[in-house]
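Below you'll find the structure, written out as structure tokens, and then a few comments.
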Protein chains: 2
Amino acid sequence: MAEIHGRPYAMTGRGPVLTPCAPHDVLARLGDKWTILVMSLLSLAPGNQLRFSDLRRGIRGISQRMLTLTLRNLERDGLLTRHYFPEVPPRVEYALTEMGRSMLPALEGFTAWIRSNWPSIEAARAAYDSRGEPGADGT
Amino acid sequence: MAEIHGRPYAMTGRGPVLTPCAPHDVLARLGDKWTILVMSLLSLAPGNQLRFSDLRRGIRGISQRMLTLTLRNLERDGLLTRHYFPEVPPRVEYALTEMGRSMLPALEGFTAWIRSNWPSIEAARAAYDSRGEPGADGT
DNA sequence: CGTCAATGGTTACTAATGGATACCTACGAT
DNA sequence: ATCGTAGGTATCCATTAGTAACCATTGACG
């Protein structure tokens, strides 16, 4: 049977039928406001490893809470690890896992497409907005 | 100056500082609940072209309104075109643009990574949840 | 002694967004 | 009268993003 994004699809009389699947789940995480910035910053860091406050300083505008939530989600997905050092003051190191590092080339491939097409997207948006309403009836 | 995702970053005493950028914008669109399914369905269709009701039938669970909004956003970004035929009953064809088609390989590269790593992600989530660690949603 | 800063969080609360549901148009064919 | 097409509008609910305040620890400062 044919597959789409790794899932089989059933042919109806008219075509395939898709349902939300793994790619959506992962893209939804990357598409949230901060995740890609955390991944990017870690990918730049020596040893793919940073402290909480380095991440906080390195991402303009992120709040403590949002950074905590983003890191928790990434840790839950196995893309990074959290190491707590009970020193004074306490220190926490976040590091990309092997899986996290393995995602970087695919992510870079995608962001490369975005970089080359971003001007076209912005132009399309400007043109669309200046045209006014789409008009379901052509008016 | 070094770049991340096509944007220059300034070194502070401690490292780069990132701000939300184009990749986030595009990934946020792909990460919404339906967009990737619309793109996938169009990529499967002959001529990368489908009618509104084919898309509606082809995506399990999407409402009319959500499909309309998703298509509008993709049209605004220049990833697909909308052709209205004032027949009775009316007919509307949605087709991927050249830019829309050019995105498919990069998207496929990314979803390929997701396919190979999805079992690991699910395992990591299950392990994380069973450890009884603090919930990522703040609860 | 009292207070401050730095660390990495948590809790409570509010604002913004996303999505679902229901109902509306207009037209011709049956 | 009703269906099928391609939507629009109005309303409600759930999720999410974000803000502000708080906590615990300890050394430094005065």
Side-chain angles (χ1 to χ4, degrees), chain A residues 13-14 19-20 24-25 27-38 49-76 80-95 132-139, chain B residues 13-14 19-20 24-25 27-38 49-76 80-95 132-139:
Chain A
R14 296 176 155 98
T19 55
H24 162 256
D25 192 291
L27 286 168
R29 162 118 6 273
L30 288 170
D32 78 8
K33 191 168 175 183
W34 304 110
T35 299
I36 193 177
L37 294 173
V38 169
Q49 179 171 341
L50 286 174
R51 303 183 50 171
F52 183 89
S53 30
D54 292 332
L55 286 162
R56 181 134 159 68
R57 272 188 295 265
I59 298 175
R60 187 69 68 206
I62 195 171
S63 71
Q64 229 169 24
R65 173 181 140 87
M66 284 298 102
L67 180 54
T68 299
L69 291 179
T70 303
L71 290 168
R72 287 281 184 283
N73 280 320
L74 287 172
E75 186 195 0
R76 177 168 182 263
L80 55 78
T81 55
R82 176 181 188 272
H83 287 295
Y84 175 79
F85 300 90
E87 308 165 354
V88 172
R91 179 166 60 98
V92 183
E93 293 273 5
Y94 292 91
E133 313 181 24
D137 52 356
T139 57
Chain B
R14 296 181 155 92
T19 54
H24 162 256
D25 191 290
L27 286 168
R29 165 122 358 275
L30 288 169
D32 78 7
K33 194 168 174 181
W34 305 111
T35 298
I36 194 178
L37 295 172
V38 169
Q49 178 173 342
L50 286 173
R51 303 183 50 172
F52 183 90
S53 32
D54 292 331
L55 288 162
R56 181 133 160 69
R57 269 189 297 266
I59 299 175
R60 186 70 68 207
I62 196 171
S63 69
Q64 229 171 25
R65 172 183 143 86
M66 284 298 101
L67 180 53
T68 298
L69 292 179
T70 303
L71 290 168
R72 286 281 184 280
N73 280 322
L74 287 171
E75 186 195 2
R76 177 168 181 264
L80 55 78
T81 55
R82 175 181 189 273
H83 287 295
Y84 176 79
F85 300 90
E87 309 165 354
V88 172
R91 178 165 61 98
V92 182
E93 294 273 3
Y94 294 91
E133 307 234 353
D137 54 357
T139 57

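Just so you know, these numbers come straight off a predicted model, no measurement behind them.
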Apply salt bridge (charged side-chain N to carboxylate O under 4.0 Å, His left out) to A:Arg56 and list each qualifying residue two or more places apart in sequence or on a separate chain.
none
Does the side chain of B:Tyr84 reach to within under 4.5 Å of the side chain of B:Val92, using non-hydrogen atoms?
yes
Distance, rounded to the nearest Å, where B:Arg72 contributes CZ and D:dA6 contributes P
12 Å
Contacts of type salt bridge (charged side-chain N to carboxylate O under 4.0 Å, His left out), residue B:Arg76, not counting sequence neighbours
A:Asp129
Would you name the heavy atoms of B:Phe85 and B:Glu93 that are closest together and state the gap between them?
CE1-CG, 3.5 Å
Take the C1' atoms of the five end pairs on each side of the helix from C:dC1-D:dG30 to C:dT30-D:dA1, get both axes, and report the angle to 10 degrees.
30°
How long is the line joining OH of A:Tyr94 and P of C:dG8, in whole Å?
8 Å
For A:Tyr84 and C:dT10, what is the distance between atoms OH and P respectively, to the nearest whole Å?
11 Å
Write down the distance between CG (A:Leu55) and P (C:dT7), rounded to a whole number of angstrom.
13 Å
Measure the distance from CD on A:Glu87 to P on C:dG8 and round it to the nearest whole Å.
10 Å
Distance from A:Ile62 atom CD1 to A:Leu71 atom CG, nearest 0.5 Å?
7.5 Å
Atom CG in B:Leu30, atom CG in A:Leu27: separation rounded to 0.5 Å?
6.0 Å
Any residue meeting side chain to side chain donor-acceptor pair (under 3.5 Å) with B:Ser53, in chain and number order, not counting sequence neighbours
none
Show the distances under 3.5 angstrom between N or O atoms of the protein and N or O atoms of nucleotides 26-28 of chain D.
none

Hits for side-chain contact (heavy atoms from CB on, under 4.5 Å) against B:Asn73, two or more places apart or cross-chain, chain-then-number order -> B:Arg29
Give, for atom CZ of B:Arg51 and atom CZ of B:Arg57, the distance between the pair rounded to the nearest 0.5 Å.
8.0 Å
Check the phosphate of D:dA6 against B:Thr68, side-chain N and O only, distance under 4.0 Å to OP1 or OP2. Yes or no?
no
Quick one: A:Arg91 CZ to C:dT7 P, roughly how many Å, whole number?
12 Å
Give, for atom OG1 of A:Thr81 and atom CG of A:Leu74, the distance between the pair rounded to the nearest 0.5 Å.
11.5 Å
Pairs of donor and acceptor atoms involving the side chains of residues 63-70 of chain B, under 3.5 Å and at least two apart or interchain, shall be tabulated with distances.
residue : atom : partner : partner atom : Å
B:Ser63 : OG   : B:Met66 : N            : 3.2
B:Thr68 : OG1  : B:Gln64 : O            : 2.9
B:Thr70 : OG1  : B:Met66 : O            : 2.7

Measure CG/B:Leu69 against P/D:dT9 and give the value in whole Å, please.
11 Å
For the residue pair B:Leu55 and B:Phe52, establish whether any side-chain heavy-atom pair is separated by less than 4.5 Å.
no
Is A:Arg51 close enough to C:dG8 that one of its side-chain N or O atoms is under 4.0 Å from OP1 or OP2 there?
yes
Please confirm whether the shortest side-chain N or O distance from B:Arg82 to OP1 or OP2 of D:dG7 is below 4.0 Å.
yes
Take the protein atom CZ of A:Arg56 and the nucleotide atom P of C:dG9, then report the distance between them rounded to whole Å.
12 Å
Could you encode protein contacts along nucleotides 15-21 of chain C as a string, one character per nucleotide from 5' to 3', using B for base contact, S for sugar-phosphate-only contact and - for no contact, with a heavy-atom cut-off of under 4.0 Å?
----BBB
How would you label the contact of A:Phe85 with the nucleic acid (heavy atoms, under 4.0 Å): base, sugar-phosphate, or nothing?
nothing
